[in-house]
Protein chains: 2
Amino acid sequence: MPQRPTSRDVARLAGVSRTTVSLVLNNVPDVHISPETRQRVQEAARQLNYYPDAIARRLVSGRTRTIALVWHRGPDRTYRDAFLPGLLQGITRAARHYGYYVLFRPIEPDEPDDSYVELARGRHTDGLILSGPRSDASHLLQLYEDGFPITLHGQLPGTDIPSVDVDNVRGAAEAVNYLLTLGHRRIGMITNAPLEYTASRQRLDGYRQALEQAGLPYDESLVRYGNFDEESGQVAADDLLAQDERPTALFIASDMVAMGALRAIRLRGLQVPDDLCVVGFDDITAARFIVPALTTVRVPTFGLGWTAAELLIRIIEHDPPQQTKILLDTELVIRETCGAP
Amino acid sequence: MPQRPTSRDVARLAGVSRTTVSLVLNNVPDVHISPETRQRVQEAARQLNYYPDAIARRLVSGRTRTIALVWHRGPDRTYRDAFLPGLLQGITRAARHYGYYVLFRPIEPDEPDDSYVELARGRHTDGLILSGPRSDASHLLQLYEDGFPITLHGQLPGTDIPSVDVDNVRGAAEAVNYLLTLGHRRIGMITNAPLEYTASRQRLDGYRQALEQAGLPYDESLVRYGNFDEESGQVAADDLLAQDERPTALFIASDMVAMGALRAIRLRGLQVPDDLCVVGFDDITAARFIVPALTTVRVPTFGLGWTAAELLIRIIEHDPPQQTKILLDTELVIRETCGAP
DNA sequence: TAATGCTACTAACACGTGTTAGTAATACGT
DNA sequence: ACGTATTACTAACACGTGTTAGTAGCATTA
């Protein structure tokens with residue numbers, strides 16, 4: 001890059017002081033500058049192709065106008081591929097709307113969990129969205145207590161850190177209700193992950209609630225535990241279908257796990273939806289394309305991103321909403337795995 | 001945030017000058033500071049929980065240690081979902097390896113094409129990776145000629161801007177060769193997009209080259225044009241299969257387009273792979289899960305990201321490699337749409 | 001006519017760091 | 001004993017901007 005022009009160069013060319021340049025270019029209100037001078041300054045800036053230095057601006061304002069997305073999702077590829085694009089787009093759109101930039105910072109498996117702290121303490125960013133908070137995050141709490149703006153994507157029980165998440169309980173309940181409406185009474189479930197994960201527990205809770213409300217007993221022999229990936233789904237479904245009295249429908253709290261389950265079903269020679277109905281969760285891209293197309297619960301990834309960013313920015317700008325624990329609704333997408341709509 | 005400690009505070013607590021603090025904490029070589037003083041400084045920094053201010057540091061060094069990914073892919077959701085996660089991970093990993101941060105900047109449809117220029121001119125970033133360059137990008141050329149570090153993901157014919165892309169010609173040729181090896185002689189093709197798109201033209205070229213090398217004529221009646229999405233694939237395949245003499249195999253230069261084509265095939269009552277073989281391109285997630293699983297050409301998204309970032313950083317650090325037009329190899333992933341391997 | 005208010009500007013400081021040039025104090029060589 | 005080299009530091013500048021306090025010059029008011 002050739003020598004960048006500074007506001008001093010613009011001032012010199014326009015024959016005014018640097019202060020005047022700043023006042024004109026930033027359109028500072030209630031300040032008296034003659035129209036001729038204004039025009040001279042603007043002309044000079046254009047002529048030199050002047051862009052103010054963001055770094056210097058940040059130093060004096062004390063604000064970076066940047067928010068960071070800390071992606072802390074372990075090695076779970078599925079989650080990354082299915083949710084990151086929408087989330088990121090929601091975040092960047094909200095950020096742009098409010099005049100912020102977005103820094104993307106994944107935490108790799110070989111890094112210490114708290115390596116994002118430097119981002120905050122070192123003033124790289126005005127606030128951060130942490131996707132996938134861990135319960136052992138003492139640095140996170142310290143940061144929060146020090147007043148650093150933070151929003152969680154996901155939930156961290158036992159704290160009052162602002163957070164945005166999907167209403168897993170409701171989403172799961174709605175899926176199971178749909179199966180109940182279709183007349184199913186023996187509904188099996190496969191979780192998306194072990195119950196240590198909050199979302200897992202909540203989706204199971206939704207399943208229980210729906211059954212309970214329909215006056216059906218919770219039967220543990222109908223529940224299996226997935227572990228994010230396809231293989232776990234195949235194993236779980238196979239085990240579930242090995243029983244004498246098979247369920248007539250399956251609620252599987254993760255589409256990726258459902259992919260494995262569907263394979264197990266196919267290998268047993270069973271037909272979906274004739275022999276067995278299936279509802280998934282997440283609405284990954286593949287759900288639309290498999291045959292029969294998977295009925296599932298859509299997660300509003302864009303909305304999660306937008307909401308988390310907006311919440312964060314309002315906190316940064318000292319205009320926090322009353323509600324700082326936000327749950328977004330899912331949407332049941334009816335396709336073919338429960339029969340034609 | 002309570003008052004952040006500065007290096008002045010550390011200096012005061014340690015009873016030394018600010019200069020000494022800087023020298024010690026940055027481990028400046030060839031400078032004589034007694035071990036006792038060093039320890040006093042380090043102890044003070046720890047005690048105050050001091051993190052140097054990134055902004056001030058950038059101002060004095062003139063470097064942001066940040067690179068930006070400008071995502072300029074139009075409204076093409078497919079591309080975003082299939083490539084962004086891997087690309088971004090490759091970029092951030094390389095960035096971290098070299099000590100850089102990553103800014104993500106999508107260009108939304110309602111924005112002017114050149115809105116990323118401010119990122120460079122305003123010194124928000126040390127360099128940028130532009131994914132999806134447009135041929136009418138005069139600002140881009142200006143930026144490049146001014147010496148601003150830029151790497152393209154994709155290609156811009158007629159310039160010598162450093163770029164990283166997939167070897168579309170080779171990838172397509174390999175796919176078609178595979179079909180030829182299986183004995184197919186009448187091979188249809190559906191492009192991924194109109195031929196204005198460089199990648200589209202290249203994949204078609206690969207198809208032609210493979211045929212030519214096998215001594216087969218290029219028959220235009222076997223070629224149709226997709227347009228990114230599923231629908232375009234369904235229409236194209238349907239049209240292709242309406243002919244008297246059907247092809248025995250289809251090379252479809254986009255998995256998403258292939259999804260539509262497969263539907264058209266199914267609706268015509270044809271069986272894959274018995275009546276018709278299919279090879280796709282991109283290896284999207286769904287390719288693994290449909291039945292039969294789609295044989296396709298995998299794009300090394302992570303490698304593209306890593307390479308683009310590494311190239312960019314070497315340019316930023318004035319250590320450019322000789323080769324600045326890089327083509328990465330694809331990988332043919334053999335699944336079931338051409339029969340069992 | 002003096003006091004006040006308004007217009008159209010500018011000088012100087014602050015932000016927090018890295019770095020260059022310099023300075024005492026001590027050690028070393030002859 | 002004297003000049004030189006080395007050690008262990010520090011004062012001061014620079015990075016480029018936003019902003020506060022201030023200053024001439026002129027118009028208006030009492």
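Below, chain A is the first sequence line, B the second, and so on; all start at residue 1.
Not one side-chain nitrogen or oxygen of A:Thr19 sits closer than 4.0 Å to the OP1 or OP2 atom of D:dG18. Between B:Tyr51 and C:dT17 there is no side-chain N or O to OP1 or OP2 distance below 4.0 Å.
For the atom pair OG of B:Ser7 and CZ of B:Arg57, the computed distance is 10.5 Å after rounding to the nearest 0.5 Å.
For the residue pair A:Ser17/A:Thr20, the side-chain donor-acceptor check at 3.5 Å is satisfied. A donor-acceptor pair shorter than 3.5 Å can be found between the side chains of B:Arg73 and B:Ser131.
If you check every strand for non-hydrogen atoms under 4.0 Å, A:Val16 touches sugar and phosphate atoms only. Contact annotation for A:Arg58: no contact, since no heavy-atom pair falls under 4.0 Å across all strands. Within 4.0 Å (heavy atoms only), B:Thr20 reaches at least one base atom of the nucleic acid. Base engagement by B:Ser22 is indicated by at least one non-hydrogen atom pair under 4.0 Å involving a base atom. Among the protein residues, B:Ser34 comes within range of the sugar-phosphate backbone only, with heavy atoms under 4.0 Å from sugar or phosphate atoms but none that close to a base. Nucleic acid contact class of B:Thr6 (heavy atoms, under 4.0 Å, all strands): sugar-phosphate only.
Closest non-hydrogen pair, B:Ala95 versus B:Ile67, comes out as CB-CD1, 4.3 Å.
For the pair B:His32 and B:Arg18, nearest-nucleotide mapping onto DNA chain D gives the more 5' position to B:His32. Across the interface with DNA chain D, nearest-nucleotide mapping of B:Arg40 and A:Tyr50 shows B:Arg40 to be the residue nearer the 5′ end.
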